[in-house]
*Asks:* 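Here it is, the structure in full.
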Amino acid sequence: MKSAVVSIIGRPSAGKSSLLNAMCGQKIAITSPSPQTTRNAVRGILTAPAGQLLFLDTPGYHSSEKKFNHHLQQIAVNSLNDSDLILYVADATRQPGEEEQQILSLLSRQNTQIIGAVNKCDLPVAKPKISHFAAAEMLGEIPIIRTSAATGLGIQELIDTLFSHAPEGDLLYPEEFYTDQSPEFRAAELIREQVINRVTQEVPHAVYVEIADIETDEEKGMLWIRAFINVERESQKGIIVGKQGSMIRDVRKSSQKELAKVFGYSIKLDLRVKVQPKWRRQDDIVNKIVF
Ligand SMILES: Nc1nc2c(ncn2[C@@H]2O[C@H](COP(=O)(O)OP(=O)(O)OP(=O)(O)O)[C@@H](O)[C@H]2O)c(=O)[nH]1
Ligand SMILES: [Mg+2]
């Protein structure tokens, strides 16, 4: 029986969370086109006949002077210390550049076995050879799999490769577990996903979701959730509320659908948008949501 903790590392938007979901066959981490969607070391568990892989999805590795970004970067770096294997994800549709070099340089200093995934190979603009070359130059001969989280290309091969490098060990979690996120965290993430996939530029980064209440009514098979969508400015609140409340209505409806899929209850969601000026500079808030 094999068992390994696998850190997933790569640039923002490389498709780390999408790959995690594809490998586990479950929606574990939220995804969006805007960078820095993931803000925590989200755990996903894959149990197969070969054993168990415990994935740590991490925030996209991105250097910045901003304290909030530094916090996110630290989560990615810290996860490396806890892992038996590193899954390095490169985006085949982007030129490697400075940011990629920083990640490769960080990885080249690790003693842990690295497996590479060159992702988004379904797209016609993908240039996987360039990503292979950049990785091989810095990391030497590591296994590199061409993948697409969108079509499933290479996913099984990636799983098999990870298992083949995993150490022998017992299951870390019961086999029916596929994540260890708290219901509050999951609910907040699913709502945040619905918001950030409807807004652009600075707005996705300014959003955090707070769950005020979750209550189940077993008799009716209902789950009541009261949540706040926090933003930094009045103008952002206006965007999320939308014309005559049209966007927030959409967010509420689609969140209810997604929450119902995950929790298996009918959902009654009460959503409010709130302004929390400069929350990304407030340690108490940041420490609560980034961990
Ligand atoms: N066409 C295509 N799109 C992909 C693939 N993988 C991810 N995407 C898209 O790329 C975007 C970013 O994906 P995420 O999985 O959120 O990326 P991430 O690396 O987790 O990003 P951060 O959490 O922000 O670091 C989303 O819009 C995904 O739908 C892929 O293999 N093919
Ligand atoms: Mg992510």
Side-chain angles (χ1 to χ4, degrees), residues 6-44 55-64 66 68-80 86-94 96-97 99-100 102-103 106-107 116-128 131 144-159 179 181 185-186 188-190 192-209 258 280 289-291:
V6 185
S7 288
I8 310 179
I9 302 283
R11 279 165 105 164
S13 287
K16 299 176 293 300
S17 302
S18 303
L19 274 178
L20 168 74
N21 293 341
M23 287 187 290
C24 293
Q26 301 272 1
K27 177 156 167 172
I28 291 167
I30 66 164
T31 66
S32 90
S34 62
Q36 301 196 326
T37 296
T38 306
R39 292 174 174 166
N40 310 78
V42 177
R43 285 161 184 248
F55 292 105
L56 302 178
D57 186 15
T58 67
Y61 187 91
H62 168 71
S63 289
S64 150
K66 289 189 182 151
F68 186 69
N69 289 338
H70 185 71
H71 233 81
L72 296 180
Q73 192 187 12
Q74 232 19 68
I75 288 178
V77 172
N78 290 345
S79 83
L80 294 173
I86 295 169
L87 171 55
Y88 159 64
V89 182
D91 181 340
T93 67
R94 288 177 72 191
E99 200 171 61
E100 201 74 60
Q102 282 178 8
I103 298 172
L106 169 77
L107 295 182
V118 175
N119 192 39
K120 305 197 188 178
C121 283
D122 58 291
L123 295 173
V125 291
K127 295 200 169 62
S131 305
I144 296 182
I145 321 292
R146 296 183 184 190
T147 61
S148 164
T151 66
L153 169 84
I155 299 298
Q156 192 55 49
E157 189 186 349
L158 181 57
I159 293 170
T179 186
Q181 301 164 55
F185 177 74
R186 270 204 114 185
E189 288 288 270
L190 289 169
R192 185 164 67 90
E193 182 176 49
Q194 293 308 317
V195 179
I196 65 178
N197 276 291
R198 286 175 170 78
V199 293
T200 55
Q201 292 171 355
E202 207 22 47
V203 191
H205 303 286
V207 172
Y208 84 92
V209 174
E258 292 303 311
R280 277 178 284 180
I289 64 167
V290 178
F291 50 84

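Both counts, for ligands and for their atoms, begin at 1 and track the order of listing. From a predicted model like this one, the values you see are computed outputs, not experimental measurements.
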*Asks:* Measure the spacing between CD1 of Ile30 and CD1 of Ile196 and express it to the nearest 0.5 Å.
*Replies:* 4.5 Å

*Asks:* Is Thr58 in polar range of ligand 1, meaning some N or O pair under 3.5 Å apart?
*Replies:*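 No: no nitrogen or oxygen of Thr58 is under 3.5 Å from one in ligand 1.
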
*Asks:* Going by the order shown, which atoms of ligand 1 are within less than 4.0 Å of some heavy atom of Ser13?
*Replies:* 12 (C), 17 (O), 18 (P), 19 (O), 21 (O), 22 (P), 24 (O), 25 (O)

*Asks:* Closer than 4.0 angstrom, basic N to acidic O: yes or no for Glu258 and Lys27?
*Replies:* yes

*Asks:* Supply the atom-to-atom distance Ser7 OG to Lys16 NZ, rounded to the nearest 0.5 angstrom.
*Replies:* 12.0 Å

*Asks:* Could you tell me, atom by atom, which parts of ligand 1 come under 4.0 Å of a heavy atom of Pro35?
*Replies:*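 Those of ligand 1 that fall under 4.0 Å from Pro35 are 24 (O).
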
*Asks:* Has the side chain of Asn40 got a donor or acceptor atom that lies under 3.5 Å from a matching backbone atom of Ile289?
*Replies:*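 Yes; judged by distance alone, with no hydrogens or angles, the pair exists.
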
*Asks:* Atom NZ of Lys120 and atom OG of Ser13: how far apart are they, to the nearest 0.5 Å?
*Replies:* 5.5 Å

*Asks:* Taking atom 12 (C) of ligand 1 as the point of reference, which of Pro33, Gly15, Ser18, Ser32 owns the nearest heavy atom?
*Replies:* Ser32

*Asks:* Tell me, which protein residue and heavy-atom name are nearest atom 8 (N) of ligand 1, and how many Å apart are they?
*Replies:*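 Protein heavy atom with the smallest distance to atom 8 (N) of ligand 1: Lys120 CE, 3.9 Å.
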
*Asks:* Quick one: look at Thr38 and ligand 1, take heavy-atom pairs under 4.0 Å, and tell me if it's side chain, backbone, both or neither.
*Replies:* both

*Asks:* Within 2.8 Å of the Mg ion (ligand 2), is there any N, O or S atom belonging to Thr58?
*Replies:*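 It does not; every qualifying atom lies at 2.8 Å or beyond.
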
*Asks:* Under 4.0 Å between a Lys/Arg side-chain N and an Asp/Glu carboxylate O for Arg192 and Glu189?
*Replies:*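 Glu189 and Arg192: salt-bridged.
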
*Asks:* To the closest 0.5 Å, what do you measure between CG (Asn78) and CD (Gln73)?
*Replies:*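 So the gap between those two atoms works out to 10.5 Å.
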
*Asks:* Can any side-chain N or O of Thr58 pair as donor or acceptor with the backbone N or O of Ile8 at less than 3.5 Å?
*Replies:* yes

*Asks:* Hey, does Thr37 come in under 3.5 Å of ligand 1, counting only N/O atoms on both sides?
*Replies:* yes

*Asks:* Starting from atom 6 (N) of ligand 1, find the nearest protein heavy-atom neighbour and note its residue, name and distance.
*Replies:* Asn119 ND2, 3.1 Å

*Asks:* Which residue, Asp57, Thr31, Thr37, forms the side-chain hydrogen bond (donor to acceptor under 3.5 Å, both in side chains) with Ser17?
*Replies:* Asp57

*Asks:* What's the spacing between Leu107 CG and Ile86 CD1 if we round to 0.5 Å?
*Replies:*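 Between Leu107 CG and Ile86 CD1, I get 5.5 Å after rounding to 0.5 Å.
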
*Asks:* Just to be sure I read this right, does ligand 1 sit under 4.0 Å from the backbone of Gln36, its side chain, both, or neither, counting only heavy atoms?
*Replies:*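 Backbone only.
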
*Asks:* Using only atom types and a distance under 3.5 Å, with no angle test, would you say the side chain of Asn119 pairs donor to acceptor with the backbone of Val89?
*Replies:* no

*Asks:* When you measure from the Mg ion (ligand 2) to the N, O or S atoms of Thr38, does any of those distances fall below 2.8 Å?
*Replies:* yes

*Asks:* Any idea which atoms of ligand 1 are less than 4.0 Å away from a heavy-atom of Gly60?
*Replies:* 25 (O)

*Asks:* Got a second to check how far Arg11's CZ is from Gln36's CD, nearest 0.5 Å?
*Replies:* 12.5 Å

*Asks:* Applying a 4.0 Å heavy-atom criterion (strictly less than), which segment of Ala149 is in contact with ligand 1: side chain, backbone, both, or neither?
*Replies:*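 For Ala149, backbone and side-chain atoms both sit under 4.0 Å from ligand 1.
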
*Asks:* Any idea which atoms of ligand 1 are less than 4.0 Å away from a heavy-atom of Asp122?
*Replies:* 1 (N), 2 (C), 30 (C), 31 (O), 32 (N)

*Asks:* Backbone, side chain, both or neither: what part of Leu123 comes under 4.0 angstrom of ligand 1, heavy atoms only?
*Replies:*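 Answer for Leu123: side chain.
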
*Asks:* Run the contact test for Pro12 against ligand 1 with a 4.0 Å cut-off on heavy atoms, strictly below, and give the result.
*Replies:*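 Per 4.0 Å heavy-atom rule, Pro12 contacts ligand 1.
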
*Asks:* Under a 4.0 angstrom heavy-atom cut-off, which atoms of ligand 1 come close to Ala14?
*Replies:* 19 (O)

*Asks:* Side chain or backbone of Thr31 under 4.0 Å from ligand 1, or both, or neither, by non-hydrogen atoms?
*Replies:* both

*Asks:* Please state which protein non-hydrogen atom is closest to atom 25 (O) of ligand 1 and give its distance, to 0.1 Å?
*Replies:* Lys16 NZ, 2.8 Å

*Asks:* Within the 4.0 Å heavy-atom shell around Ala150, which atoms of ligand 1 are there?
*Replies:*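 With Ala150 as reference, the close atoms of ligand 1 come out as 2 (C), 30 (C), 31 (O), 32 (N).
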
